[in-house]
Amino acid sequence: MSDLLVVSDLRVTFGGRPNGRAGGRTKSWARRGRTGLVAVDGVSLRVAPEETLAVVGESGSGKTTVARCVVGLQRPDSGSVTFEGRPLGPVGRRPPELQRAVQMVFQDPRSSLNPRMTVAELIGEAWRTHPAAAPAGDRPAALRRVLADVGLDGDVAARRAGDLSGGQCQRVSIARALAVGPRLLVCDEAVSALDVSVQAQILRLLVDLRSSHRLALLFITHDLGVVHQIADRVAVMRGGALVEEGPAGQVLGAPRHEYTRTLLDAALDLGAEA
Amino acid sequence: MGEPLTAPRATTAAPLLRADGLTVDLPAPGGGEPVRVVDGVTFDVPAGTTVGLIGESGSGKTMTALAVIGLLPERAATGGELAWRGENLLRPGTDWHRVRGHEIAMIFQDPLAALNPSLTIGRQVGEILRRAGRPRAEVRRAVADLLDRVGVPDPVRRMDAYPHELSGGLRQRAMIALALAGSPSLLLADEPTTALDVTVQARILRLLRSIQQEQGLAMLLVSHDLRVVAHVADEAVVMYAGRVAERGPAGATLRRPAHPYTRALVASVPAVRTRTALADPLPGAPATPANRPSGCAFHPRCSLARDRCRIEVPRTREVEPGRWSACHFAEEVIGS
Ligand SMILES: Nc1ncnc2c1ncn2[C@@H]1O[C@H](COP(=O)(O)OP(=O)(O)OP(=O)(O)O)[C@@H](O)[C@H]1O
Ligand SMILES: Nc1ncnc2c1ncn2[C@@H]1O[C@H](COP(=O)(O)OP(=O)(O)OP(=O)(O)O)[C@@H](O)[C@H]1O
Ligand code: SF4
Ligand SMILES: [Mg+2]
Ligand SMILES: [Mg+2]
């Protein structure tokens, strides 16, 4: 099967003036003249249609940075990202259908939503940006449906994002990303703020969309139990690089790299405490 | 780790914190009746212990913690009692500046929203250390030490980073350092380890435990991670739709739940070492505080529900020594 997403040899440095670009937000380290921090150091990944690739690994190992490159919010120093063979540039220069095809749920749900906008406005905005995905008929009914899919009551629609709980914000982010009908969803710790029961509901939704809409997932998580449940393949990152990659059962069942074993050993299990 | 308290603890000394019938009302979005998002929550946090607060997303856990540190949204109204060393924090005139940071500190659920985006994390942590009386000359060293203790690699370099320059897990550790900098007696930890890989998580949990043993730190640990709660909490409080579903020793609560909601939660935890099927979702819609079902708020989703559940709000009863449940049929649940 041909790959949907291909990430090749991605490299991202922060603060060290790569290509002479050290303006704006990177001032703290750059101005102090420190050497740059290599956040991503030659990462290559592939995701096939309908496939779920889980990315696990050390905190600070570059997972979010890779994800931001995929959705075009971070420009890599070198390497490339392609979708169905077409290069994916910065998000602003992507043709609308590619913007729509690749959506992301961010790690900090609260700060990724404008706190003053209502949930109805947030999802309405997504539909306005991608009219092809907007519901043809009754909008309020469609809105209620996308909210119900993520376990939210319809009365949430009138609330401002700033007045929602952490897990409610996270579900609004998921609903907003799914509302435009993406073909690849990048989930950065997308279910970490949810109780396990709601979490299972959302994972079921994603698994259903995988077969009904051929949705592919790039699923970043620290929860190895969830990886077991939904991933086809797993990539393990440490220090900006992949240390191991393979089918989920194999990586979690018979890890080859020592770091993967360390991770599995440190994972707590319920009921094993006695 | 995590020896669950099995013996009922001595009740002579007043607990450090006691929530007694705590209520929080928030204004409804379009005006109208205020919404009771915390509805009669009762629990104790004795010094040196950890209470795990778990429950459905939106059930009022963060609001409960924010009430304890006096940071509820502006138009919130509170009721009931929050006794801190025997003094009610909810009475008007509480000196929050004295309490906040040094007596009670909080690790916020969303570090990016809670940290000041325009100051380096070293400045933010240093400011608290200075206010706690550290001499200026020592502050930089102390900040680096603290960041090192919470597992920030290369702390001397990282202290000059702004929050947006850190990964999610590094920000979370910076947030933990900020909360610990004032040497509080009570730490309100709202989902403190969600962005951490399991090895860093284990390190943080060990650190908190050692501070607990050395300094008698008490903790209210809000977490969706039942594995973490099972390992570190002495007591567990389970919330559903703004109310306490059950509370009791953490080990017993998670092993033999006394409320059907807790039982459903425990059954949904995926195993780490083997592949488990995705749990069946609870039937029906989640309860919202705005339209809380009559009687037992869980009844539309409960497999044990019968007529009485739809009519009568269950009274919270002691169903086993030290275990309290708000289910009419708790004995049946424990026994099954
Ligand atoms: N804008 C930035 N400026 C400077 N450094 C950055 C920036 N964004 C990320 N970094 C650094 O790059 C490295 C990789 O960060 P990234 O967020 O990709 O990690 P991660 O694997 O997602 O970690 P976590 O699991 O903690 O979220 C970290 O050391 C981080 O501090
Ligand atoms: N500022 C606010 N104004 C009005 N309602 C709010 C506000 N913040 C939260 N709420 C509502 O109060 C209820 C309780 O929220 P809270 O944040 O305590 O939930 P939580 O148990 O911490 O959930 P989560 O696990 O998702 O973080 C939710 O239904 C939420 O929508
Ligand atoms: S009181 Fe009734 S509805 Fe509520 S949890 Fe118990 S059995 Fe279920
Ligand atoms: Mg990240
Ligand atoms: Mg919360």
Side-chain angles (χ1 to χ4, degrees), chain A residues 14-15 25-26 28-29 32 34 56-60 64 107-111 148 151-153 155-156 158-160 163-168 171 189 192-201 203-204 207 222-226 228-230 248-249 262-264 266-271 273-274, chain B residues 1-2 4 29-30 54-58 62 73 109-113 120 153 157 160-162 164-165 167-170 191 194-202 224 226-228 230-231 251 254-255 264-266 268-279 281-282 285-286 288 290-291:
Chain A
F14 287 111
R25 314 245 291 165
T26 56
S28 61
W29 294 353
R32 289 189 176 88
R34 304 192 189 231
V56 302
E58 197 172 30
S59 169
T64 297
Q107 187 168 12
D108 294 84
R110 188 172 292 282
S111 19
L152 289 174
D153 192 274
D155 73 0
V156 162
R159 309 254 303 272
R160 295 181 316 157
D163 292 347
L164 298 177
S165 79
Q168 288 166 339
R171 284 177 280 169
E189 299 291 350
S192 65
L194 303 175
D195 62 86
V196 280
S197 169
V198 171
Q199 176 178 299
Q201 179 186 350
L203 294 176
R204 263 172 194 270
V207 168
H222 287 302
D223 191 329
L224 299 173
V226 167
H228 243 319
Q229 289 183 315
I230 68 155
T262 311
L263 270 188
L264 281 161
L268 302 172
D269 237 327
L270 191 61
E273 86 272 23
Chain B
M1 290 213 290
I54 60 187
E56 191 164 53
S57 168
T62 296
Q109 188 170 8
D110 193 331
L112 192 55
T120 64
R157 170 174 172 160
D160 291 330
Y162 290 88
H164 78 268
E165 296 174 317
S167 78
L170 285 165
E191 302 288 354
T194 46
L196 305 178
D197 67 68
V198 284
T199 62
V200 177
Q201 171 179 292
H224 288 304
L226 301 192
R227 307 174 193 118
V228 168
H231 279 74
L254 296 174
R255 260 195 305 272
L265 270 189
V266 171
S268 304
V269 178
V272 172
R273 264 154 247 282
T274 52
R275 183 175 185 123
T276 39
L278 286 170
L282 285 167
T288 62
N291 43 29

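Side chains are part of it too, since the values below use all heavy atoms of this structure and drop only hydrogens, waters and symmetry mates. Numbered from 1 within each chain, the chains take letters A, B, ... in sequence-line order.
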S.K.: Taking A/Val198, A/Thr64, A/Leu203 one by one, which has the highest count of heavy-atom pairs under 4.5 Å against chain B?
M.R.: A/Leu203

S.K.: Of the listed residues (B/Gly169, B/Ala113, B/Pro153, B/Ser268), which shares the most heavy-atom pairs with chain A below a 4.5 Å separation?
M.R.: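 That would be B/Ser268.
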
S.K.: Looking only at heavy atoms and a cut-off of under 4.5 Å, which of A/Leu263, A/Leu194, A/Asp163, A/Asp153 has the most pairs with chain B?
M.R.: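 The answer is A/Leu194.
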
S.K.: Working to the nearest 0.5 Å, report the span between CZ of A/Arg110 and CG of B/Leu112.
M.R.: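 One finds 11.5 Å between CZ of A/Arg110 and CG of B/Leu112.
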
S.K.: Got a donor-acceptor contact below 3.5 angstrom from the A/Arg204 side chain to the B/Leu278 backbone?
M.R.: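 A pair under 3.5 Å: yes.
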
S.K.: Let's test your reading of the structure: which of A/Leu152, A/Asp223, A/Leu164 forms the most heavy-atom pairs below 4.5 Å with chain B?
M.R.: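 Looking at each option in turn, the highest pair count goes to A/Asp223.
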
S.K.: Given a strict heavy-atom distance threshold of 4.5 Å, which part of B/Thr62 is in contact with chain A: side chain, backbone, both, or neither?
M.R.: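 When you check distances to chain A, no heavy atom of B/Thr62 falls under 4.5 Å.
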
S.K.: With a 4.5 angstrom heavy-atom cut-off, could you sort out which part of B/Ser167 is near chain A: side chain, backbone, both or neither?
M.R.: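 B/Ser167 touches chain A through side-chain heavy atoms alone.
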
S.K.: Quick check for you: to the nearest 0.5 Å, what is the distance between A/His222 atom NE2 and A/Ser192 atom OG?
M.R.: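 Interatomic distance, A/His222 NE2 to A/Ser192 OG, rounded to 0.5 Å: 8.5 Å.
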
S.K.: Among B/Ala290, B/Gly168, B/Ala285, which residue has the highest count of heavy-atom pairs closer than 4.5 Å to chain A?
M.R.: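 Of B/Ala290, B/Gly168, B/Ala285, B/Gly168 has the most heavy-atom pairs under 4.5 Å with chain A.
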
S.K.: Is there a donor-acceptor pair under 3.5 Å between the side chain of B/Arg275 and the backbone N or O of A/His228?
M.R.: yes

S.K.: Using a 4.5 angstrom heavy-atom cutoff, name the option from B/Leu170, B/Val200, B/Thr276 with the most pairs to chain A.
M.R.: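 So the answer, after comparing B/Leu170, B/Val200, B/Thr276, is B/Thr276.
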
S.K.: State the OG-CD distance between A/Ser59 and B/Gln201, to the nearest 0.5 angstrom.
M.R.: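 Nearest 0.5 Å value for the OG-CD distance: 11.5 Å.
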
S.K.: Go through the atoms of B/Ala279 and report whether side chain, backbone, both or neither lie under 4.5 Å from a heavy atom of chain A.
M.R.: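 Both the backbone and the side chain of B/Ala279 come within 4.5 Å of chain A.
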
S.K.: Where does B/Gln109 contact chain A at under 4.5 Å (heavy atoms): side chain, backbone, both or neither?
M.R.: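 The side chain, not the backbone.
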
S.K.: Are the side chain of A/Glu58 and the backbone of B/Asp197 linked by a donor-acceptor contact shorter than 3.5 Å?
M.R.: no

S.K.: Excluding sequence neighbours, so at least two apart, what forms side chain to side chain contact (heavy atoms under 4.5 Å, CB included) with B/Ala195?
M.R.: A/Gln107, B/Gln172

S.K.: So which of A/Ser197, A/Gly60, A/Ala200 has the largest heavy-atom pair count under 4.5 angstrom toward chain B?
M.R.: A/Ser197

